[in-house]
Structure formats: structure tokens, C-alpha cells
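The next block holds one structure in the form of C-alpha cells; read it before the comments.
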Amino acid sequence: KQEVTQIPAALSVPEGENLVLNCSFTDSAIYNLQWFRQDPGKGLTSLLLIQSSQREQTSGRLNASLDKSSGRSTLYIAASQPGDSATYLCAALYNQGGKLIFGQGTELSVKP
Amino acid sequence: SQTIHQWPATLVQPVGSPLSLECTVEGTSNPNLYWYRQAAGRGLQLLFYSVGIGQISSEVPQNLSASRPQDRQFILSSKKLLLSDSGFYLCAWSVGSGFYEQYFGPGTRLTVT
């Protein structure tokens with residue numbers, strides 16, 4: 001069964017800290033992996049997509065890595081800011097154009 | 001640029017009433033379209049997806065149905081709502097040229113009373 005797990009479920013850090021969010025998936029035959037951000041009551045915003053042939057992707061202060069052999073992805077956020085407070089979701093795609101398998105998310109709170 | 005719209009933004013409906021949620025995408029052609037539901041504390045669940053007009057795949061048996069009458073229009077319906085249908089409904093799209101990266105709409109908050 002294809003499952004995605006995110007640990008921790010919640011994380012609170014002081015402003016300015018670098019932090020890592022973890023995502024693991026049970027089936028390594030993924031097509032791609034996406035990281036999303038969701039603010040309360042809002043839709044999902046795509047942050048980064050890593051294709052199965054890639055090891056990492058970067059956008060501004062965000063860096064996502066992918067290790068298919070170990071079934072893990074991480075999202076690194078540098079110099080965190082209060083505006084980064086949100087729920088972060090990772091999702092694995094196994095079939096082109098098919099459904100995303102989502103983790104339960106990590107709720108991040110960055111304290112000023 | 002591509003945009004995705006959903007309406008209504010919020011909806012309160014009594015049990016047993018019908019439902020129609022609409023999603024439209026602009027700025028792309030022949031997208032794959034998806035309906036997800038996010039229930040409180042339960043994560044995101046795919047309900048339906050479509051690879052073309054009139055082509056609908058259902059992931060979960062339930063009292064909901066979906067239709068795609070036009071290339072960039074996706075509709076979620078129910079003839080009789082249940083309390084368990086309450087949740088946050090999200091529409092998404094993707095295209096192969098974008099490595100099937102999925103983009104989500106703003107969502108519809110449905111409360112069944």
C-alpha cells in the first residue's frame with residue numbers, strides 16, 4: 001500500500017531558525033514528489049516539485065531533497081519568518097496524471 | 001498565466017438537499033482535473049479525476065458524482081447530502097508538459113446541517 005508519512009505533526013520554532021520538515025513514502029517507484037503550503041481555510045500552494053530523476057530543488061529560502069532509495073524527502077526552510085507559519089504537506093505521485101498520495105502535514109509555527 | 005476558480009467559497013446545506021460545486025481553469029488546454037476532499041483532521045482524499053471531457057474516474061464509492069461538460073470545467077454533485085459530506089472541497093489541475101505538477105483552487109467549505 002502506498003502511504004506518505006510526515007513527522008512531526010506540529011513544530012514551533014523561534015524566528016530566524018533553520019528547520020527541516022520530513023516526509024517518508026513506502027513505495028520508491030514515484031513519478032514525482034510535491035511540497036505544498038496551506039494557510040488556515042485556504043487552498044494549497046505548490047512550493048516545489050521534485051521529479052524522480054532529481055535529487056533536490058530550490059526556491060528562495062526553500063530547498064527540497066529527494067532520496068528514492070530510502071523513501072524520504074525533506075523540506076529545508078532557511079532563516080524562518082513568522083510569515084512561514086502554515087501547514088506543510090508533501091505528496092507523492094506514482095502514475096502520470098494520476099492521484100497524489102498526501103501526508104497528514106506538519107503544522108509549523110514561527111514565533112517572533 | 002493559468003488560474004483556477006471554485007465557487008461558491010462557502011456553503012451551508014441541510015441533510016438531503018442537492019449539491020453542485022463548480023471548478024473552472026483558465027489559461028491551459030486539456031488539463032487533468034481533480035476533486036479532493038479535506039475533512040477535519042483526516043488529510044486530503046481524492047474523490048474524482050478526469051483526463052478529458054466526459055471521462056471521469058471515481059476513487060471512493062459515495063453519494064457524490066462528478067461531470068466534465070467542457071474541457072476546463074469540472075462539477076461535483078450530489079442528489080442528497082449526508083452529514084458526512086461536510087468538509088473542504090478542493091479542485092486541482094495538472095498537465096503533462098508540467099510534469100503533472102498539481103495546482104489547487106481556493107476551495108469550497110461545505111457544512112451539512
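Naming convention: chains lettered A, B, ... in sequence-line order (proteins, then strands); numbering from 1 in each chain. Computed from a prediction, not measured in an experiment: that's the story for all the values here.
- Only the backbone of A/K42 comes within less than 4.5 Å of a heavy atom of chain B; no side-chain atom from C-beta onward does.
- Interface check for chain A: of the options B/Y34, B/Y49, B/Y103, the most heavy-atom pairs under 4.5 Å are formed by B/Y34.
- Contacts of A/I101 with chain B are absent, with no heavy-atom separation under 4.5 Å from either backbone or side chain.
- Contacts of A/Q38 with chain B are made by side-chain atoms alone, with heavy-atom separations under 4.5 Å and no backbone atom involved.
- Distance alone, capped at 3.5 Å, is enough to place a donor-acceptor pair between the A/S80 side chain and the A/E17 backbone.
- In terms of non-hydrogen atom pairs under 4.5 Å with chain A, the most contact-rich of B/P106, B/A9, B/G107, B/P31 is B/P106.
- Ion pairing of B/R37 with B/D85 is present here, as a side-chain N (NZ or NE/NH1/NH2) and a carboxylate O approach within less than 4.0 Å.
- A pairwise comparison of heavy atoms in A/Y94 and A/A29 identifies CD2-O, 3.3 Å as the closest pair.
- Residues B/R72 and B/E26 are not paired through a salt bridge, judged by the lack of any N-O separation under 4.0 Å between the basic side chain and the carboxylate.
- You'll find the side chain of B/W35 reaches within 4.5 Å of the side chain of B/F74, heavy atoms only.
- Using a 4.5 Å cut-off between heavy atoms, A/L93 touches chain B through its side chain atoms alone.
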